[in-house]
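Remarks on the structure that follows.
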Amino acid sequence: MNIEKKLAEKTIEALHSLYGATIEKVVFEKTNPDFVGDLTLVVFNFLKISKKKPEETATEIGNFLKTHIAEVADFNVVKGFLNLVIDNSFWLNYFKFINGKPFINDTLAENAPTVMVEYSSPNTNKPLHLGHVRNNLLGYSVAEILKAAGNKVIKVNLVNDRGIHICKSMLAWQKWGNGETPESSGMKGDHLVGKYYVEFDKNYKLQIADCKLKGLSDEEAEKQAPLMIEAQEMLLKWEAGDKEVRTLWEMMNSWVYKGFEATYKMMGVNFDKTYYESNTYILGKNIIDDGLAKGVLKRRADNSIYIDLTPDGLDEKTLLRGDGTSVYMTQDLGTAVQRAEETPFDKLIYTVGNEQDYHFKVLFLILKKLGYKWADGLFHLSYGMVELPEGKMKSREGTVVDADDLMKVMVETAAATTKELGKHEGLSDAEAEKLFYTIGMGALKYFILKVDPKKKMLFNPAESIDFNGNTAPFIQFNYVRIQALLRKAGEGWDFHDIDVFTHNITLLPKEKELIIKLYNFNATLQQAAIEYSPAVIANYVYELAKEYSQYYHDTPILKEHQKDLVLFRLQLSKIIGNAIRSAMQLLGIEVPDRM
RNA sequence: GAUUCCGUAGCUCAGCUGGAUAGAGCAACUGCCUUCUAAGCAGUAGGUCAAGAGUUCGAAUCUCUUCGGGAUCACCA
């Protein structure tokens, strides 16, 4: 059922037969809506071969295709554009073909490639904010898209649960916490720990100021402030396995995990496996020996180990300090190698912001130089920062948008809007709550995912996220209207029995467009998978919903007098509903049955 | 300074493997609910695709330069 492929093959044949030339590849594109036709071939590139005028060349190819392909009903030529009209029977055939078939096939092929998608990867010293939300939604959605596109997907989280930042929270809690717990304070665990991180920073700043008064430079002040020295000591104790420090660490981390769990649940994301840096941070040192032996890595006079990437246009990168301790890069090398050994993958995708573009460029290059074959399958899913009207979010300046707060506000707004419109009537309290959640979270997710991941995006807290226009609630609304139609039609209709041919259905232009849209579902999914871009899906499902909305407005469905047409339109609606639900599912967005 | 990403309507974004007259949504203004859910539909207005040059039959799309913005350039993570 791939008409483009058939056309391309025949066109290559036509070029050979007409002009004796061999062309590798031809591409058909959608016909511009202002012209008659469904698919268009641009013939300018073939003029060298045909040695004829554009119009003449297009006409000759058009004639060839029309006589050799039954589905080509007609064609017209405008300048160098050959517009083909595909016969309605093809689209009806396709409609029949997808009838009752799911848009997303959840059975995987035996030889499906294994793709590991790492995302989220939070620090355990503070709660998640809007930047993390983009990361999580993006990682989850890309994983779902890759799964739907036929990959065996493993979602992993690498929790940064150790290091100086956690020690800061721990130290502040020890000093000023008075034994406060999530239970005693009624605070969510991650927020409680975050509170002490802020507390640390506040006092630390005061100390820095003090030190500077005593004549220290900025850099010296930052290093010599007593709090920082204490935090460093605590980190050393942690590394030495000090019992007291470890116990505190475990307790506070457990608070954070409980908090994260709630946030993840609200966001609707999940993981197949969670790694902890406390288990992986020592990894990588053995790789260094191997790299030295291979001559890829070099040792400096002070005993530090580095790799020279200047031939590749990058810098020298240190991998082991003079004292033998490792750096972030070392750990990432080790983690990657461990994963490749544990779970051989065809691709490993790191969902990390574009501020780390350089880091991943270097990481991948080093792994390649060390000779790991799987290094070719590494990919940095680099996404742009979320910015506020006043610029980048800065936790220290208190301009972060908290993830939990934001989600709560979204659901509350959804509730208020729904009530205002009276759309909650007839629902039980539980159903209404579920609906507010579905709409509010849908609006948030769609707002974030519709933007090309690579681009930075702007979030203005002052203007609440819209529920009209190009939004999830609009798409959900169209799904709901379809469900309402199906409910009204009742159980008595046997949709699967409609034979569009024996019933002699004449397609309305909009119906044909809608079927073509459905036909494009799979190609869109593939494109989204290749580009790692949920935005491709978001744009597609919006267009589908929009066209359906127009169709619904202009065309009687249940009110149609001819029973055959009622059946056909209901079934078309039902399939579109399925397509909408499936596409939204790829974005991690649910659809309600009524709203 | 070096590297890198970005600049499309007042705002938020599509379009970018070169194709026909650059599209949506929001905001503004007009119509349309006794007719399958108006979170809707239809319409008006809004553009030097940052600027310039080049390649091409054809450039928002590719190349170069300039301007403007972000990020990175630690023996931090």
Side-chain angles (χ1 to χ4, degrees), chain A residues 25 27 29 31-35 40 42-45 47 54 78-81 83 123 160 162-165 277 281 300 302-306 313-332 353-359 361-362 382 384-385 387 389 391-392 414 417-418 420-423 439 443 447 450-452 454-460 463 465-478 480-489 535-536 538-539 542-543 546 549-560 566 569-570 573 594-595:
Chain A
K25 195 183 164 196
V27 178
E29 48 198 89
T31 299
N32 186 309
D34 297 337
F35 297 87
T40 293
V42 184
V43 303
F44 289 109
N45 292 329
L47 302 185
V78 183
K79 292 187 280 181
F81 299 89
N83 302 317
N123 291 352
N160 186 4
R162 53 131 247 135
I164 191 71
H165 48 286
E277 286 199 11
Y281 81 105
R300 291 198 189 95
D302 67 355
N303 231 13
S304 62
I305 313 264
Y306 73 102
L314 304 170
D315 299 316
E316 286 185 358
K317 179 71 198 175
T318 300
L319 297 178
L320 221 49
R321 297 187 184 102
D323 62 4
T325 55
S326 57
V327 296
Y328 181 48
M329 185 65 77
T330 325
Q331 175 185 321
D332 267 6
N354 63 13
E355 56 201 351
Q356 293 197 36
D357 283 354
Y358 183 77
H359 173 80
K361 210 169 165 182
V362 171
S382 163
M385 298 289 101
E387 290 178 8
K392 210 184 158 185
T417 309
T418 305
E420 211 175 295
L421 295 169
K423 300 221 178 194
I439 294 172
F447 176 81
K450 77 171 176 185
V451 180
D452 183 340
K454 291 196 286 288
K455 297 195 176 177
K456 66 171 187 217
M457 62 175 295
L458 188 107
F459 175 78
N460 188 348
E463 300 168 16
I465 292 174
D466 235 297
F467 285 37
N468 297 320
N470 187 357
T471 66
F474 169 78
I475 297 162
Q476 290 168 327
F477 174 64
N478 280 288
V480 162
R481 291 207 287 204
I482 291 171
Q483 303 319 303
L485 282 178
L486 296 174
R487 270 196 305 275
K488 275 202 178 158
V536 170
N539 286 322
Y542 171 64
E543 277 175 34
K546 191 172 129 110
S549 189
Q550 294 163 347
Y551 176 64
Y552 178 92
H553 182 269
D554 296 339
T555 318
I557 296 172
L558 290 175
K559 290 183 187 272
E560 167 61 43
V566 174
R569 289 173 186 175
L570 271 174
S573 299
R594 47 189 93 208
M595 67 190 279

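We name chains A, B, ... by the order of the sequence lines, and we start the count at 1 in each one. These values consider heavy atoms only, across backbone and side chains, with no hydrogens, waters or symmetry-generated copies.
- Rounded to whole Å, the separation between the C1' atoms of B/rU21 and B/rU65 comes to 31 Å.
- Counting all heavy atoms, side chain and backbone alike, A/F447 lies closest to A/L458 at CZ-O, 3.8 Å.
- Spacing between atom CD of A/E463 and atom P of B/rC11 amounts to 12 Å, rounded to whole angstrom units.
- As rounded to whole Å, 9 Å separates atom P of B/rA71 from atom NZ of A/K456.
- Atom name C1', nucleotides B/rA22 and B/rU8: the rounded distance is 8 Å, in whole Å.
- The side chain to side chain donor-acceptor pair (under 3.5 Å) search around A/T418 returns none, not counting sequence neighbours.
- A gap of 41 Å separates the P atoms of B/rU55 and B/rA74, to the nearest Å.
- Contact detail for A/I557 and A/Y551: the closest heavy-atom pair is CD1-CE2, 4.3 Å.
- Here NE2 of A/H553 is found 8.5 Å from CZ of A/R481. Values are rounded to the nearest 0.5 Å.
- Residue contacts shown for A/N160 are limited to sugar-phosphate atoms, with no base heavy atom under 4.0 Å away.
- Residue A/G322 is classed as a base contact, given a heavy-atom separation below 4.0 Å to a base.
- When side chains are defined from C-beta on, A/M385 does not count as touching A/M457, because their heavy atoms never get closer than 4.5 Å.
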Spell out protein contact along nucleotides 35-47 of chain B as letters: B when the base is contacted, S when just the sugar-phosphate is, - when no protein heavy atom is under 4.0 Å; keep the 5' to 3' order.
SBBSBSSS-----
Nucleotide by nucleotide, 5' to 3', does protein get under 4.0 Å of the base (B), only the sugar-phosphate (S), or neither (-) in nucleotides 16-21 of chain B, counting heavy atoms?
B--BB-
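- Contact record, A/R594 with A/V480: CA-CG1, 3.5 Å, taken as the closest heavy-atom pair.
- No side-chain heavy atom of A/F459 sits under 4.5 Å from any side-chain heavy atom of A/E387.
- Rounded to whole angstrom, the span from the OH atom of A/Y542 across to the C1' atom of B/rA14 amounts to 11 Å.
- Between the CZ atom of A/F447 and the P atom of B/rC26 there is a distance of 14 Å, rounded to whole Å.
- Residue A/K454 contributes atom NZ, which lies 14 Å from atom C1' of B/rU4 at whole-angstrom precision.
- Across B/rG69 and B/rU30, the matching C1' atoms stand 39 Å from one another, rounded to whole Å.
- Note on A/Q331: nothing from the nucleic acid sits closer than 4.0 angstrom, heavy atoms only.
- At a threshold of 4.0 angstrom between heavy atoms, the contacts of A/D357 with the nucleic acid are absent.
- Using cut-offs of 30° and 60° for the angle between ring planes, the A/F44 and A/F81 rings count as perpendicular.
- Atom CG of A/L458 and atom P of B/rA14 are 13 Å apart (whole Å).
- Among B/rA77, B/rG69, B/rA71, the nucleotide with an atom closest to any side-chain atom of A/K392 is B/rA71.
- Map A/G313 and A/E355 each onto its nearest nucleotide of RNA chain B; the residue landing nearer the 5' end is A/G313.
- Summarising the geometry, the separation between CG on A/D302 and C1' on B/rC75 is reported as 8 Å, rounded to the nearest angstrom.
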Please, what dot-bracket string fits RNA chain B when only Watson-Crick and G-U pairs with both distances under 3.5 Å count, crossing ones use [ ] and pairs to another strand use |?
(((((((..((((.....[...)))).(((((.......))))).....(((((..]....))))))))))))....
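- Spacing between B/rA50 and B/rA14 at atom P, rounded to whole Å, works out to 14 Å.
- Between A/G322 and A/N303 the shortest heavy-atom distance is O-CB, 3.9 Å.
- We find that CD1 of A/I465 is positioned 15 Å from P of B/rC26, with the value rounded to whole Å.
- Comparing the same atom, C1', in B/rG46 and in B/rA24 gives a spacing of 14 Å after rounding to whole Å.
- Applying the salt bridge (Lys or Arg N to Asp or Glu O under 4.0 Å) rule to A/E316 yields the partners A/R300; only residues at least two apart in sequence or on another chain are considered.
- Judged purely by distance below 3.5 Å, without hydrogens or angles, the side chains of A/D466 and A/T471 never pair a donor atom with an acceptor atom.
- Under 4.0 angstrom from either OP1 or OP2 of B/rC75 there lies at least one side-chain N or O belonging to A/T318.
- B/rC41 and B/rA9 have their P atoms separated by 24 Å, given to the nearest Å.
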Would A/F467 and A/F474 count as a ring-ring contact (aromatic ring centres under 6.0 Å, His included) if you check the C-alpha gap in whole Å, the side-chain angles of each, and the deciding distance to 0.1 Å?
CA-CA 7 Å; A/F467 285 37; A/F474 169 78; over 10 Å; no
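- A/A538 and A/K450 make their closest contact through CB-CA, 3.8 Å (heavy atoms, listed as atom of the first residue, atom of the second, distance).
- Checked against side chain to side chain donor-acceptor pair (under 3.5 Å), A/T330 has no partners two or more places apart in sequence or in another chain.
- When the C1' atom is used for both B/rC6 and B/rA42, the distance is 37 Å, rounded to whole Å.
- Regarding the sugar-base torsion, B/rC33 falls in the syn class, its angle being within 90° of 0.
- Nearest nucleotide to the side chain of A/R300, out of B/rC13, B/rA77, B/rC75: B/rC75.
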